[in-house]
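Written below as structure tokens is the structure these notes are about.
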Amino acid sequence: MTDVVLRITEDRVHLDTGTGEFTWALGDELAAVAQGPAGEQAAEFTAALEIRTSSQQRAEIGLRLYRAVFDAAPAGLWAELQDEADEEEPLRVRVDIECAALAQLPWELMRDRRLAWWRNSRVLLRRGRRVGGPANAPQEKGPLRVLLVVCNPSDLRLLADQELAMIGAALTELPGRVHTEVVDGPSLRELITEVGHVRPHVLHFIGHGMRAVAGDPGGLHFNAAQPDADAPAPAPERDSWTLGPDQMYHLYDVWKPRLVVLNACRQAGAPAAEFADLIETCLERGSLAVVAMQADIDSPAAAEFSYALYQDLAQTRSIDEAITAARNHLHIEDSDGPAWALPVLQCGVENPRDVVRVEFGHKDPVLTRLNRSRQFAELAMFLGRAKERRTGWWEPPEPTAPPDRLLAITSAREKSGKTWLAKWCLLTCMLRGEDVTYADLADYTGQGDGDAPLTLDWLAVLRALREACTDDKRQPDALHVTEFARFNQVLNLASQGGRRWSEGMPSPVFDLGHSFEVDTDRHAEARRAEIFQAFLSTLRNRAVARRRPHLLAIDSVQRISEPEFVDALLPLLLAPVQDFKGDYPVRILVVAPQNWPGYRHLQKFMAGSPVVLTEFQQPHYKRLAREFWERQRRANKVLRRQKFQDFEVLLDGINKLKGTPPSFPVGVYQQILDMWLDKADVDGMEEAG
């Protein structure tokens, strides 16, 4: 919540501490700015944000802002408020600047003799006033959904791919917390459609903003012609257009993003009123906060800002905490430059925690422990497949049919990322509050005659699933073996049949390893159905007891013989799961190649469509290569001294050999990087020799 409101008018300063209200005169220097000709008196202050201004000059401007506001304040008032704050319980201050001439000043530079206030993690400042957001914004389930909009994909000066790569790198430590999707150079209609599909909590623009010359409309420019003759032109079918307040208004008819990030420069000559109009439109139409740049930010700094911002949002920090941390990150990267002071956070709600608050199924530290489970460690290098990652957790806005209990991931080729995608679905669903189990049937099949793998019958599949569910070394929250005691008893009796089964004789609670006897009596079908029912009851009982759904992913389904899958597993395992109507259901995610004979039966059986992984397109291949590099560079000291361009040369050479579109097996970047590092080691040894 807001602890203190600092309100600045044309000639007065008002401070509301919650327990008392104080007012005093604004300093003469700022009063003259407020009452003078529009923009003229402010020029000296706004010039402090230019790159050629020294850090000492910026500090002096910040000190002048402080003195103009606080020199006439009651003695010791502000110091007393600060002394009561710490990083665990920071003082939250809303700075409400009611005068338009004063609002354009670089308040983020304000400082006293000791430190810059807007980088102080003990005192979290933000601009804004209460606009229209709810007092307590409703909390949605995670992950935090982010739509990243690249306004000018052909403008290489934006370094959009670098910014996207750094956002991806920022999310590797806690995968699954933030879901990102990218749209390149859309038209207004395409942008509206994409916002409706993703329903983002955060709508993030990467581009150039505001007008450069008088007469141009103010806003974010899309698919604009490049001033550099050597720069690639926009695609012919992409018309140039500007996202101004009128166009922004339409976006909110389909969805209201909680946070809008305008990571775009405010180009020279852009009137402050136009800059404010775009922000005000977002806030008045329902966004809870807007982050925008108050001057030209160079592209490398914009990318660093995004890296720091999303690193903190993944840790579920509040927006004012995240922006303060991003300022400090930029200051560490370039303490002499102005980049750290450029982001402006305008907040329209009383509680900044509401802006990007999402709900997960666990509280910390349990949430972070599960998030960092070693079973999902490889997912730190899982690239792309943004839309497909929604599998398993996506909730349609207005469901017209029961949710799918049966899901499938498939592909026409090997090593396409089916397993990684399945594990990503499990991870995300686990963070949202489901119990999850990953079972790879390849772990439970040996080799038959020659090189052909043995196939599993239905009973071997059930035993493999039981072993997977109770494997506490591979599962983040495994079932205890005793939870399958009833299943084992039923299995022992029903597999053998005869009098012991029909009379329900006592049986051990551990599996005796019997094969299924078909010819012992006339009740083989009933006995088999009872075994399946006991297995599903075990999972459902656990789900009810823990009040959590259970998602079971079955990988390498091609190891099941086609007749066993069609005659037993489809009707007795998958059908009951699909038809279940109660609370805390069991859900099954099947992973299978398209060339498996059983796939056509599965496809006809499912209510929904499988997720089909196709080839990556060439531009995505290069974009993902940069993201892979950035993720590795953050964790590898050797790579921090290297350049992506050198790695890119090797990628281009291999791509020419393979042809277009490139084959994209999982791990291809790692293989290429290992080759590149091996070569670098050899070259280094030769130079040393």
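No hydrogens, no waters, no symmetry mates; every other heavy atom, side chains included, goes into these values. Each residue takes its place number in the sequence, starting with 1.
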State, without any angle test, whether Glu321 and Ser318 hold a side-chain donor-acceptor pair at a distance under 3.5 Å.
yes
Side chains of Leu26 and Leu102, heavy atoms from C-beta outward: is any pair under 4.5 Å?
yes
Do Thr368 and Arg177 pair up side chain to side chain, a donor and an acceptor below 3.5 Å, judged on atom types alone?
yes
All N/O donor-acceptor pairs, side-chain side in residues 245-254, below 3.5 Å, sequence neighbours left out:
{"residue": "Gln247", "atom": "OE1", "partner": "Gly244", "partner atom": "N", "Å": "2.9"}
{"residue": "Tyr252", "atom": "OH", "partner": "Ser287", "partner atom": "OG", "Å": "2.7"}
{"residue": "Asp253", "atom": "OD1", "partner": "Arg285", "partner atom": "NH2", "Å": "2.5"}

Counting only heavy atoms from other residues, nucleotides and ligands, does the tally under 6.0 Å from CZ of Arg640 exceed 12?
yes
What closest approach, in Å, do Arg634 and Ala169 show between heavy atoms, and which atom pair accounts for it?
CG-CB, 4.1 Å
I need the minimum non-hydrogen distance between Leu144 and Val356, along with the two atoms involved.
CD1-O, 3.8 Å
Is atom CG of Asp71 surrounded by more than 12 heavy atoms (other residues, nucleotides or ligands) closer than 6.0 Å?
yes
Side-chain H-bond candidate by donor/acceptor type, Ser121 with Asn328, under 3.5 Å:
no
Going by atom types alone, do His204 and Glu163 pair a side-chain donor with an acceptor below 3.5 Å?
yes
Value for CG (Asn351) from CD1 (Ile319), rounded to nearest 0.5 Å, stands at 12.5 Å
Search all heavy atoms of Ala301 against all heavy atoms of Ile297 and return the closest pair with its distance.
CB-CG1, 3.8 Å
Carboxylate-amine/guanidinium proximity below 4.0 Å for Glu350 and Arg94
yes
Side-chain contact test, heavy atoms from C-beta onward, threshold under 4.5 Å: evaluate it for Trp78 versus Val93 and give yes or no.
yes
Yes or no on salt bridge (charged side-chain N to carboxylate O under 4.0 Å, His left out) for Arg127 and Glu108, after CA distance, side-chain angles and deciding distance?
CA-CA 9 Å; Arg127 296 202 203 188; Glu108 286 68 22; 2.8 Å; yes
Is the backbone N or O of Pro186 less than 3.5 Å from a side-chain atom of Trp241, with the two atoms forming a donor-acceptor pair by type?
yes
Closest approach of Pro200 to Trp255 (non-hydrogen atoms, all atoms of both residues):
O-NE1, 2.6 Å
The test is side chain to side chain contact (heavy atoms under 4.5 Å, CB included); show your working for Arg372 and Leu174 and say whether it passes.
CA-CA 7 Å; Arg372 292 174 174 166; Leu174 294 168; 3.6 Å; yes
Identify the two heavy atoms, one from Arg390 and one from Glu181, that lie closest to each other, and give their separation to 0.1 Å.
NE-OE2, 2.6 Å
Evaluate side chain to side chain contact (heavy atoms under 4.5 Å, CB included) for Arg92 paired with Arg126, printing each intermediate quantity in order.
CA-CA 8 Å; Arg92 284 188 154 87; Arg126 67 188 189 276; 4.2 Å; yes
What I'd like to find out is whether the side chain of Val366 reaches to under 4.5 Å of the side chain of Phe360, using heavy atoms alone.
no
Only distances under 3.5 Å count here; give the side-chain donor-acceptor pairs of residues 333-348 to other protein atoms, sequence neighbours excluded, each with its distance to 0.1 Å.
{"residue": "Asp334", "atom": "OD1", "partner": "Asp336", "partner atom": "N", "Å": "3.4"}
{"residue": "Asp334", "atom": "OD1", "partner": "Gly337", "partner atom": "N", "Å": "3.2"}
{"residue": "Gln346", "atom": "OE1", "partner": "Gly128", "partner atom": "N", "Å": "3.4"}

Under a 4.0 Å N-O cut-off, is there an ion pair linking Asp161 with Arg623?
yes
Salt bridge (Lys or Arg N to Asp or Glu O under 4.0 Å) with Glu140: of Arg357, Arg432, Arg145, only one passes, and it is Arg145
Looking at Glu627 and Arg631, is there a salt bridge between them, counting it only when a charged N and a carboxylate O are closer than 4.0 Å?
yes
Would you check if Leu109 and Leu49 make a side-chain contact, meaning some heavy-atom pair closer than 4.5 Å?
yes
From Leu125 CG over to Leu6 CG, what is the distance, rounded to the nearest 0.5 angstrom?
8.0 Å
Taking the six-membered ring for Trp, are Phe70 and Trp117 ring centroids under 6.0 Å apart?
yes
